[in-house]
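Step one of this worksheet: look at the structure below.
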Amino acid sequence: MTVSSPPAVARVAADAPKVKRKPRFRNSWTGWGFLAPFMIVFALVFLAPIVYSLWLSLFRNQLVGGNAFVGLDNYVRAFSDPQFWGSLFRVTLFLAVQVPVMLFLALLVALAIDSGRLYGRSFFRIAIFLPYAVPAVVATLMWGFIYGTRFGLVGNINEALGIQLPNPLSPDLVLASIGNIVTWEFIGYNMLIFYSALRVIPTSLYEAAEIDGAGQFRVIRAIKLPAIRGALVIATIFSIIGSFQLFNEPSILQSLAPNAISTSFTPNLYAYSLSFSGQQYNYSAAVAIVMGLITMLIAYVVQLRGMRKDG
Amino acid sequence: MQRPTRRGIVTGAALTAVAALTLSGCAGSGAGESASGDQTITVWAWEPTLEQVAADFEAENEGVTVELVNAGTGNDQYTALQNAIAAGSGLPDVAQIEYYAVPQFALAGSLADLNEFGASDLEDTFTPGPWGSVALQDGVFGLPMDSGPMALFYNEEVFAAHNVAVPTTWDEYLEAARALHAADPNLYIANDTGDAGFTTSMIWQAGGQPYQVDGTDVTIDFSDEGTTRFAELWQQLIEEDLVAPISSWSDEWYQGLGDGSIASLTIGAWMPANLESGVPDGAGKWRVAPMPQWEAGANATAENGGSSLAIPADADNKELAYEFIEYANAGDGVQTRVDGGAFPATTAELTSDEFLGAEFEYFGGQKVNEVLSASAENVVEGWSYLPFQVYANSIFNDTAGQAYVGGTTLTDGLSAWQDASAKYGAEQGFTVN
């Protein structure tokens, strides 16, 4: 019986399409009709800009000489552009240092709040999340004032204590200062992702652990962390994308530290100044596309690694 | 220099421009419909005094409507204008363009040559500096609206308190800078974090001519005598920490100007209105002196900022547009704008007794315009900006600005700026060097 039944099923399955092929074909167009409103919006809003950027990146428009098709020249130029690679290196460094620090702190806070041993839990949750609700522009302006060595908070501390703190907006420290702002802004956001993942862990697991005599650290290591791996991967991917797209903070601090933050400080800032002060829209499009691909690639690798451990 | 001119006006402008927009917007829709079709011109400008000029122009010419639009300040507006030019639609009939940006638009063929309307007859109407900025090669690509001949604005109270004489030469300036900073380590003679507009103006006064432009042939050379003179002096000021590391137009800057920790400014003649509105604490303390000189007894100056009104090559109503800019910049509009606080570019107004004799309460009753007007007459001739100065200025801090944070010297920084500008020029199809 186990041997004879599969062929029978297969035969029926093979017969069925033969009979109904024609009507189904017509139906498939009806389906597209229903999808059309979505597909049109999708094409206009998502596909058209990407295609247009790709199209732009194949040309070169000069002040003298006008517009010309140059094929992949812009991409060749991007790959040998020290300013572009310099900016990419800078955001990679930022990614390597700032993201782990931020995620670790966010995890720590989420675990602390989740532990149930914290007094005033909801107050801390709100207070730590609050910076995320402050617009990045406002947050950066505020930190810019704090960082001021003459009239800002740093200046006030120097004056009050008679010391000389290093200037947070000097070329050597400005990346760390930006990292500090971004960490401040996004700890709450990541904490909330982790916290909500922690809340859905069934309490029965904790009870079982308690019966087995596991301590708090053991519970964290053996239950909590494995259970929120998905959230960790997601937060990491968001942070990678965020780091590569770093723009607001350096762009606003630039007016306070013009010599520390160059026009090619981050890839996004570089693309921005290329197109809006340099009118090199074509090259700027190429830089943006290369950057998008690199971001996708790294995010994909991180996702693969995260998923593999899961399985 | 993009900032000065705009800021010149920005604080007040923000409000007035909004008002202007609303007002002209209403007037535009009403009058535009009743008048015969092509009697409307659109003006893109952020200069606030144009609002009154536009109203007067409408009153004098029946059926004419001037739509004054603030399409952004400086670079923002150039971006919008560039886009409109590229798109070939939505062009204004008149656009405000700063002097340093005129060559960029003129060379690209985006601006109408005003010679076809007889603009070259107006040469003597304007002072040489601004005129030289709009009369490029064989054409006239705009009419000068205001100007920024440089002068030394200084806080007399601070200089007097420390018994430091007001410098008349750059050597004295260096000595004064040392004396002030030695007397009080929080006191600086000036602020500077690297400003392309200021640097080019200083080189201009020193007789340097780093930019030579002949059609699409461009020469950039920051090693001539004038440039070297400036770079060597300023390098000493930077090295000895004699200039405050504060960017102009920042909050710290305004505070520094108000509390006396920034003792002077070498800047364009549009500054008085800014000081009055931005630094109320300085009232009665500030004075204006001629720009310090490289040779004792000389009187060379340079322009710093200022803008023109130009007509895009593909504008719809060029004749009426020209009538308007002639009215605003060389006709009755000039007095209207002077009354509104602008510093004109026309010889007649600059030499009128009323203008020269005006006493400024803010400057302790000093007849400030006498100094500024004299400066306008002594602008060194022969300066030209790059046909891609807008971009070049935007990368100044990437290169020359590094000298201010100890990464390099000003001379090497300027040389790096030269290379980066030349590279961009070549990418844009110019023949560089």
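We name chains A, B, ... by the order of the sequence lines, and we start the count at 1 in each one.
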More than 12 heavy atoms from other groups under 6.0 Å of OH on A:Tyr272: no

B:Ser247 side chain near A:Pro258 side chain, heavy-atom distance below 4.5 Å: yes

Distance in Å, A:Tyr270 OH paired with B:Asp398 CG, rounded so as to fall on 0.5 Å steps: 9.5 Å

A:Leu169 side, atom CG; B:Thr193 side, atom OG1 - distance, nearest 0.5 Å: 11.5 Å

Any B:Gln428 side-chain heavy atom under 4.5 Å of A:Arg60 side chain: no

B:Asp281 atom CG, over 12 foreign heavy atoms within 6.0 Å: yes

From CA spacing to verdict: side chain to side chain contact (heavy atoms under 4.5 Å, CB included), A:Val64, B:Leu107: CA-CA 8 Å; A:Val64 182; B:Leu107 193 107; 4.1 Å; yes

Crowding at CH2, A:Trp85 (>12 non-hydrogen neighbours, <6.0 Å): yes

Winner by heavy-atom pair count (cut-off under 4.5 Å) against chain B, out of A:Gly66, A:Ser262, A:Gly155, A:Ser273: A:Ser262

Interatomic spacing from CG in B:Asp251 to CG in A:Leu141 - rounded to 0.5 Å: 9.0 Å

Interface moiety of A:Phe145 toward chain B, non-hydrogen atoms closer than 4.5 Å: side chain

Trace of the side chain to side chain contact (heavy atoms under 4.5 Å, CB included) decision for A:Tyr281 with B:Asn83: CA-CA 11 Å; A:Tyr281 303 104; B:Asn83 289 344; 3.3 Å; yes

Value rounded to 0.5 Å, distance of CG in A:Leu63 from CZ in B:Phe388: 8.5 Å

Any side-chain heavy-atom pair of A:Thr263 and B:Phe396 under 4.5 Å: no

Interchain contact, B:Ser261 with chain A, by part (heavy-atom threshold 4.5 Å): side chain

Flag for B:Glu427-A:Gln62: side-chain donor and acceptor within less than 3.5 Å: no

Residue A:Met296 excluded, over 12 heavy atoms near CE under 6.0 Å: no

Residue part contacting chain A, namely of B:Ala101, when any heavy atom lies under 4.5 Å: neither

A:Glu159 atom CD, neighbour heavy-atom count above 12 within 6.0 Å: no

Rounded distance [0.5 Å steps], CD in A:Gln279 versus OH in B:Tyr78: 11.5 Å

Heavy-atom proximity to chain A below 4.5 Å, by part of B:Glu252: both

Test item: A:Ile261 and B:Asn397 side chains (from C-beta on) under 4.5 Å apart, heavy atoms: no

Contacting region of A:Asn61 [heavy-atom separation from chain B under 4.5 Å]: backbone

Atom CZ of A:Phe46 with >12 non-hydrogen neighbours under 6.0 angstrom: no

